[in-house]
Amino acid sequence: MAVDITTVRKIASLARIAITEEEAARIAPELENIMGWIEQLGEVDTKDVEPMTAVIANTLRLRDDVVTDGDVRDAVLANAPQAEHGFFTVPKVIE
């Protein structure tokens, strides 16, 4: 794909980036090289490559999801300014 100064200005406009003509002229060949690399990557045969999320295989150490400090509701609510029916009571915000 050919990237010219007009294309660079259009990309900059879409990205809401202000660039000068000199910057556009300097960026155009860089974007051209990037697009060339992308085309090269598109030519690589990856049909026999397994998808992966990391370079090395990692397994997460998981723990059981159990409550370890539960059943202290009354102790927590004892510190509340107001509590009713086992819940914090807060002032009404919306009428």
Measuring from atom [atom1] of [X] to atom [atom2] of [Y], what distance do you get when rounded to the nearest 0.5 angstrom?
X: Ile11; Y: Thr6; atom1: CD1; atom2: OG1; result: 11.0 Å
X: Glu32; Y: Trp37; atom1: CD; atom2: CH2; result: 14.0 Å
X: Glu43; Y: Ile38; atom1: CD; atom2: CD1; result: 12.5 Å

Exercise for the section: Just jot down the salt bridge (Lys or Arg N to Asp or Glu O under 4.0 Å) partners of Arg26, sequence neighbours excluded, or say none. Expected result: Glu30
Exercise for the section: Could I get the full list of salt bridge (Lys or Arg N to Asp or Glu O under 4.0 Å) partners for Glu50, not counting sequence neighbours? Expected result: none
Exercise for the section: Report yes or no: does Thr46 contribute a side-chain atom to a donor-acceptor pair with the main-chain N or O of Val49 at less than 3.5 Å? Expected result: no
Exercise for the section: Verify, without hydrogens or angle tests, whether Glu84 (side chain) and Thr89 (backbone) share a donor-acceptor contact under 3.5 angstrom. Expected result: no
Please tabulate, for the side chains in residues 56-65, all donor-acceptor contacts under 3.5 angstrom to protein atoms that are two or more places apart in sequence or on a different chain.
none

Practice task
Output every pair passing salt bridge (charged side-chain N to carboxylate O under 4.0 Å, His left out) with a member in residues 10-21, not counting sequence neighbours, ordered by first then second residue.
Solution key: Arg9-Glu21
Problem - Linked hydrophobic residues, Leu77 as query - side chain contacts closer than 4.5 Å - result: Val72, Val76, Phe88
Problem - Transitive ILVMFWY cluster of Val93, excluding itself - 4.5 Å side-chain cut-off - result: Ile94
Exercise for the section: Report yes or no: do Ile5 and Ile17 belong to one cluster of Ile/Leu/Val/Met/Phe/Trp/Tyr joined by side chain heavy-atom distances under 4.5 Å? Expected result: no
